[in-house]
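Let me begin by presenting the structure, written as structure tokens, before commenting on it.
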Amino acid sequence: MPLLFTACGKEDPAATTASSPNEPTVAPKPVPKFEPDSAYAYVARQVAFGPRTMNSPAHDATRDWLVEQLNTFGAEVEEQNFNATGPDGTQFRGTNVIGRFKPALRDRILLAAHWDTRYVADSPLEDDPTAVVEGADDGASGVGVLLEIARHLGNDGPEIGVDIVFLDAEDQGASENTESWGLGAQHYARTLSGIKPRYGILLDMVGGKDPRFAIEGVSQHFAPQVVQKVWGLAAQMGYGKYYVNEDGGAVTDDHYFINQMAGIPTIDIINRRKETESGFVLHWHTGDDGMDAIDKVSLGAAGQVVLAVIYREAAGTL
Ligand SMILES: [Zn+2]
């Protein structure tokens, strides 16, 4: 057991400023090691349910499993059900699954990823009309990384509130219609009340090999200070070759609605490619987005940096 209590002023000065002189100071908790194998297993488990398309049995089963996992880790869990209309008029029964760690703390950070998968492999790079999007990278990778982070937070986590939000119905949109994407994020942002997280980090498509987490445009527009924190820390930690200081272009993703509608400065860590017209990975919205598309090194690069953001924010050293 590490030393938890220490006299004022002996440790990191940033950690002592919040305490009154009469209280013992809690030493900041060290950043735990993010386990890529564990995150990979969480991705594989989601894929094993089958495509998580709206209103499908695999979707319902995955939702229940996400709730169960967050409960196991000791979060206060909310299933935020909503109804939404797809671009062709289909009615979706959606659920944002929210796990709150240290729910009483007012100082909070939001971590999010979408857990639904796209109903159609409509990438121009897909020739097979029967191809199905398994969504290992597009959806499950971000959720897998956040589950591994949740496991650490539940296990003697740091003194900061964290809301992990698994957003539904992100990927059911029509390309020309911005509002048809991020339906779960729109519901979350519209109905948010009470304590608002200080800022948010969205993870989407973080599992592809040799990721290029370039600075995404919506993030830079709404949350430049969060971009600076995360990319600066990533460079310090030796992940600069993935978190490149380059313009990644703007993406309509869940963070757009959280920024616009809820006013929470939120960034998107997303693999941006130069070699494709879409700017996304080659397997995006194709039949190739299965477990073969997932690299543990990438999950580790995404997860270890975000985990460090939380622990260092709690310690006042970010
Ligand atoms: Zn997608």
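Computed from a prediction, not measured in an experiment: that's the story for all the values here. Atoms within a ligand are numbered from 1 in the order they appear, just like the ligands themselves.
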Is there a donor-acceptor contact under 3.5 Å linking the side chains of Ser219 and Glu216?
yes
Side chain to side chain contact (heavy atoms under 4.5 Å, CB included) partners for Val132, two or more places apart:
Pro51
Result block: side-chain N/O donor-acceptor pairs under 3.5 angstrom for residues 183-190, not counting sequence neighbours:
from	atom 1	to	atom 2	distance (Å)
Gln186	NE2	Glu179	O	2.8
Gln186	NE2	Trp181	O	2.9

Ignoring waters, protein N/O/S atoms under 2.8 Å from the Zn ion (ligand 1) are Asp138 OD2, Asp171 OD1, Asp171 OD2, His285 NE2
Of the non-hydrogen atoms in Arg63 and Thr95, which two are nearest, and what is the gap between them?
CD-OG1, 3.5 Å
Which residues pass the side chain to side chain contact (heavy atoms under 4.5 Å, CB included) test with Gln91, not counting sequence neighbours?
Thr85
Please determine if Glu246 and Arg212 form a salt bridge, counting it only when a charged side-chain N lies under 4.0 Å from a carboxylate O.
yes
